[in-house]
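Beneath this line is the structure, given in structure tokens, with notes to follow.
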Protein chains: 2
Amino acid sequence: MSRPPAEPTARTGLRELKKQRTRRAIRRAAYRLFGEQGYDATRVDQIAEAAEVSTSTVFRYFPTKEDIVLTDEDDPVLEAALRARPAGEPPLTALREALRETVRTVYASPEWVAEVEQRMRLVRSVPAVRARLDESMAATGDLLAEVLAARTGRSPDELELRVFIGATLGALREVLMHWVARGLRDDLMSLLDRAMDVLEHDLAD
Amino acid sequence: MSRPPAEPTARTGLRELKKQRTRRAIRRAAYRLFGEQGYDATRVDQIAEAAEVSTSTVFRYFPTKEDIVLTDEDDPVLEAALRARPAGEPPLTALREALRETVRTVYASPEWVAEVEQRMRLVRSVPAVRARLDESMAATGDLLAEVLAARTGRSPDELELRVFIGATLGALREVLMHWVARGLRDDLMSLLDRAMDVLEHDLAD
DNA sequence: TGACTTTTGGGAGTCACTATCAATTCACGG
DNA sequence: CCGTGAATTGATAGTGACTCCCAAAAGTCA
């Protein structure tokens, strides 16, 4: 896994480091203020001030206020997990296992868990954030379509494939909503399993 | 089906009539301007002016600009169709038939078709409108949960039930997106059938 | 017709977000 | 270690959706 010298990810040292720091500082400040005063009552200026950057900088890092909440570093994990599934495996099994793997990965990092939980609480309470989540899930759908289409040699636009993905993501959405509605107390993996069982067996209940 | 005299829907004559007229005028003006200049380039002031009302009035009728596009009169149709299904019928069949019935109803009215098509075009091109559609589909999900829970004597919050609904609506969303992506040329009913077949058979393809 | 209620218009204000430009900070070869 | 070029930042001035508020207008009903 040696990297070529000119990676597009880690360009030049100090600059990139500071950027990541700023990004984190903004997120941290935002989460703190959201927790203290609520999402709507927190102005972007306040977040900027708390993070010790200018308002313009906040918008340079996050295109919208909702994006401060939803950064979505899970997509690459899901994609990698799905690509790692054996070629012969039926799509639903592959997707199910990839989702399980993603949950496992997230749970392996305590701070990641904390972040996800904070995020989900905002998803529940703030409609705008929820809307943004749906949008990002749609993007995830496009991504999954690409990967699954490549696996089976079909077109990523084929209706049957998209329906399959749409149904699965719709189910996943309900899992997340159910989870957060009950105060994140349930075991996410179990909820996911129950949901995927519904999809696998027969949807006719 | 005779109605009690004091319906909350049609309160008093002239007032209500004018309201409906204003509502329509705003929508008509908005659709026209959106078509001519695009959604983003159309300011709410312009819509107000074209509809010959004040800007405040526009916001009194529609809480957001996106809501001018999405009014969703289909929900009651869907609900009625679902309630009309025989009690013994398995949920997926009932929901499938209810959806078919809804599509049929919409297609029975040419102007309704025109409206839906215009709406869908904006859903495709404007992210904000699409987000609003997702939100309204979530609300539809809550509605369906109530009705289906009542049918089977279960709780509307039960995960399995919500997953079932979420998956179906996810599939429906893909149908709509597929339909609009191909310029609304396909037969919507056929697309719906193909999608429901995917859900019914096995999602494993 | 006249009192009462609902709806409307207009104005002032808030806040997320954009565009722009000068100042600062970092990268890197000499 | 220094100077030049590139990336990043901050400040400022917008824009436009949306809210609040109040006085004028219109509809309702006795």
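Every chain is numbered from 1 and lettered A, B, ... according to where its sequence line falls, protein lines coming before strand lines. Computed from a predicted structure; not experimentally measured. All heavy atoms count here, side chains included; hydrogens, waters and symmetry mates do not.
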Knowing that exactly one of Asp142(B), Thr140(B), Val147(B), Leu148(B) qualifies, which makes a side chain to side chain contact (heavy atoms under 4.5 Å, CB included) with Ile165(B)?
Leu148(B)
Decide, yes or no, whether a salt bridge links Glu66(B) with Arg132(B) under the criterion of side-chain N to carboxylate O below 4.0 Å.
no
d(NZ, Lys18(A); P, dC26(C)) in whole Å:
4 Å
Under 4.0 Å between a side-chain N or O of Thr57(B) and OP1 or OP2 of dG9(C)?
yes
Take atom CG of Leu17(A) and atom C1' of dT25(C), then tell me their distance rounded to the nearest Å.
14 Å
Main-chain N/O of Lys18(A) paired to Thr22(A) side chain as donor or acceptor, under 3.5 Å
yes
Spacing of Leu14(B) atom CG relative to dT7(C) atom C1', expressed in whole Å
12 Å
Gln37(B) CD to dG16(D) P: how many Å, rounded?
12 Å
Determine, for Asp134(B) against Arg130(A), whether the closest basic-nitrogen to carboxylate-oxygen distance falls under 4.0 angstrom.
no
Whole angstrom is fine here: how far is it from CZ in Arg43(A) over to C1' in dC15(C)?
8 Å
Under 4.0 Å between a side-chain N or O of Tyr61(B) and OP1 or OP2 of dT8(C)?
yes
Check step by step if salt bridge (charged side-chain N to carboxylate O under 4.0 Å, His left out) holds for Glu101(B) and Arg85(B).
CA-CA 11 Å; Glu101(B) 175 61 23; Arg85(B) 301 305 306 174; over 6 Å; no
Looking at Asp187(A), Leu172(A), Thr102(A), which hits side chain to side chain contact (heavy atoms under 4.5 Å, CB included) with Leu192(A)?
Leu172(A)
Distances for protein N or O near nucleotides 18-24 of chain D N or O, under 3.5 Å:
{"unit_1": "dC18(D)", "atom_1": "OP2", "unit_2": "Lys65(B)", "atom_2": "N", "d": "2.7"}

Glu160(A) vs Val163(A) side-chain heavy atoms within contact, under 4.5 Å
no
Please report the distance, rounded to the nearest Å, between CD in Gln46(B) and C1' in dT15(D).
13 Å
Note: Arg96(A)-Asp197(A) ion pair, threshold 4.0 Å (strictly below):
yes
Look at Glu158(A) together with Arg162(A) and state whether they make a salt bridge at an N to O cut-off of under 4.0 Å.
no
For nucleotides 1-6 of chain D, give me every protein contact, N/O to N/O, under 3.5 Å, one pair per line with atom names.
none

Figure out the CZ/P separation between Arg23(A) and dT8(D), and round it to whole Å.
13 Å
In whole angstrom, give the distance that lies between atom CZ of Arg21(B) and atom C1' of dG27(D).
14 Å
Nearest-nucleotide pick for Thr22(A), side chain only, options being dG10(C), dT9(D), dA16(C)
dT9(D)
